[in-house]
Amino acid sequence: MSVVADSAALPADSTDMVSVRAVHKVFGHGHDAVHVLKGVDLDVARGEVTVILGPSGSGKSTLLRCINELEEITGGTVVVGGDLMGYRQDAKGTLHRLHPKAVAKQRSRIGMVFQRFHLFPHMTALENVMEAPVQVRGLSKKAAKQRALELIERVGLSDRMDHYPAQLSGGQQQRVAIARALAMDPELMLFDEPTSALDPELVGEVLSVMQDLARSGMTMIVVTHEIGFAREVADHVVFMDDGVIVESGPPAEVLDTPKEERTRNFLSHVL
Ligand SMILES: Nc1ncnc2c1ncn2[C@@H]1O[C@H](COP(=O)(O)OP(=O)(O)O)[C@@H](O)[C@H]1O
Ligand SMILES: [Mg+2]
């Protein structure tokens, strides 16, 4: 499979923040090839929240990783904020792989929060949030600190800003991770099971920060098994299975009156 698309394949609709078209992802080659994404189409409008549900191994993490270019796609196109991710299209419509520096620049507009928090252990909460703006953007320490203080406050951790990750609960660490992602002023935030590693009593504080973020107008794609969050916060719910989107729609539709047997079956296990 090759990543060759003509200009007609590129969506022109700029109201969408994210436009995923016919995306395939194959890991490995020959007999060892694993076809993980099998032609995924997904649109997320600016300011909207899409929740992705689906069983383990269905390709949810791979899809997020393809959207922010942690993985190179095998076929199709990903457009974020009007930018074709990873490629430049010439006048004839042929796609050329972008230089890693250009890819890094595209990626810096997308924030990602993982199941595990990945904070720098030797830095305080505040220093973790200041790091990327100073190192990647060349912001002055003073300006970065000012912004980091605002973000730490926004996630409710002003009284913990000088603590090291090991001195924080999982929920607090995840809130720092969210503040750290926001410090780069992303246009889009991706969350990959952000509460799955947390003790049950810590899940709510993280979901509540995410809900506030959604209310503020952030465009978000959230992989989660938290059906309550999907119902309350999502504009769209997408159900994925075996590398394809099985069905999608407003939360009430997908969660309460799913059309597909596979969706019903999945929901009967998580609800
Ligand atoms: N780097 C990789 N190499 C080979 N297979 C992979 C790789 N990453 C993921 N996969 C496979 O892709 C499938 C989907 O994985 P993933 O996207 O993590 O699913 P989910 O997040 O829905 O649980 C799984 O079968 C997984 O083993
Ligand atoms: Mg996953």
Side-chain angles (χ1 to χ4, degrees), residues 1-3 18 20-42 44 49-78 80 85-86 97 100 103 107 110-118 170 173-174 177-178 181 188-200 202-203 206-207 210 220-230 233-234 236-248 251 254-255 258 260-271:
M1 220 171 306
S2 64
V3 186
V18 181
V20 171
R21 282 290 172 279
V23 162
H24 287 259
K25 178 63 188 177
V26 179
F27 288 106
H29 300 280
H31 287 305
D32 296 326
V34 190
H35 200 159
V36 172
L37 297 180
K38 302 170 180 172
V40 173
D41 294 309
L42 178 71
V44 181
V49 177
T50 292
V51 163
I52 302 179
L53 304 173
S56 177
S58 56
K60 307 180 299 296
S61 295
T62 303
L63 177 58
L64 290 190
R65 294 169 61 84
C66 285
I67 291 172
N68 86 339
E69 297 186 284
L70 281 171
E71 301 288 354
E72 206 172 309
I73 59 179
T74 315
T77 55
V78 175
V80 176
M85 300 298 277
R97 186 73 194 158
V103 174
R107 288 195 53 210
I110 304 174
M112 185 144 175
V113 175
F114 301 87
Q115 187 172 336
R116 298 272 164 202
F117 331 116
H118 301 302
Q173 289 182 60
Q174 195 59 305
I178 294 171
L188 168 69
M189 285 284 287
L190 308 176
F191 294 85
D192 194 358
E193 301 200 33
T195 61
S196 293
L198 299 177
D199 291 334
L202 304 177
V203 168
V206 173
L207 293 180
M210 290 167 61
M220 297 164 51
I221 303 178
V222 183
V223 173
T224 184
H225 298 298
E226 296 290 335
I227 301 296
F229 179 86
V233 182
H236 293 281
V237 173
V238 166
F239 175 68
M240 261 186 97
D241 193 15
D242 198 21
V244 296
I245 290 179
V246 173
E247 75 178 283
S248 64
V254 176
L255 299 173
E260 302 294 330
E261 181 60 36
R262 280 196 275 180
T263 317
R264 280 197 287 276
N265 190 36
F266 173 79
L267 289 170
S268 73
H269 286 94
V270 296
L271 285 175

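One-based numbering, in listed order, for ligands and for the atoms of each.
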Donor-acceptor contact below 3.5 Å, side chain Arg21 vs main chain Gly76: no
Short side-chain to backbone donor-acceptor contact, Lys38 and His24, under 3.5 Å: no
Atom of [X], atom of [Y] and distance for their closest heavy-atom approach:
X: Pro55; Y: Phe266; result: N-CE1, 3.5 Å
X: Leu190; Y: Ile67; result: CD1-CG2, 4.3 Å
X: Ala234; Y: Val51; result: CB-CG2, 3.7 Å
X: Val18; Y: Leu188; result: CG2-CD2, 3.6 Å

Side chain to side chain contact (heavy atoms under 4.5 Å, CB included) assessment of Gln115 paired with Ser196: CA-CA 6 Å; Gln115 187 172 336; Ser196 293; 3.7 Å; yes
Proximal ligand 1 atoms for Pro55, defined as those under 4.0 Å from one of its heavy atoms: 22 (O)
Element-labelled atoms of ligand 1 that are located less than 4.0 Å from some non-hydrogen atom of Val36: 11 (C), 12 (O), 13 (C), 14 (C)
Contact (N/O only, under 3.5 Å) between Glu71 and ligand 1: no
Nitrogen or oxygen of Val34 less than 3.5 angstrom from that of ligand 1: no
Which residue and atom name correspond to the protein heavy atom nearest [atom], and how close is it?
atom: atom 18 (O) of ligand 1; value: Ser61 CB, 3.7 Å
atom: atom 1 (N) of ligand 1; value: Phe27 CE2, 3.4 Å
atom: atom 23 (O) of ligand 1; value: Gly57 N, 2.7 Å
atom: atom 22 (O) of ligand 1; value: Lys60 NZ, 2.7 Å
atom: atom 19 (O) of ligand 1; value: Gly59 N, 3.2 Å
atom: atom 16 (P) of ligand 1; value: Thr62 OG1, 3.6 Å

Sub-4.0 Å heavy-atom approach of Gly54 to ligand 1: no
Reported CD-to-CG distance for the pair Glu261 and Asp241, which is rounded to 0.5 angstrom: 11.5 Å
Straight-line distance of Ile73 CD1 to Arg65 CZ, nearest 0.5 Å: 14.5 Å
Neighbouring protein N, O or S atoms of the Mg ion (ligand 2) [cut-off: under 2.8 Å, no waters]: Ser61 OG
Intermediate values then yes/no, side chain to side chain contact (heavy atoms under 4.5 Å, CB included), Gln174 and Leu202: CA-CA 10 Å; Gln174 195 59 305; Leu202 304 177; over 6 Å; no
4.0 Å protein heavy-atom contact status of atom 26 (C) of ligand 1, strictly under: no
Atom 3 (N) of ligand 1 touched by protein heavy atom at under 4.0 Å: yes
Steps toward side chain to side chain contact (heavy atoms under 4.5 Å, CB included) verdict (Leu267, Ile227): CA-CA 9 Å; Leu267 289 170; Ile227 301 296; 4.2 Å; yes
CA sep, side-chain torsions, deciding dist, call: Thr224, Met210, side chain to side chain contact (heavy atoms under 4.5 Å, CB included): CA-CA 12 Å; Thr224 184; Met210 290 167 61; over 6 Å; no
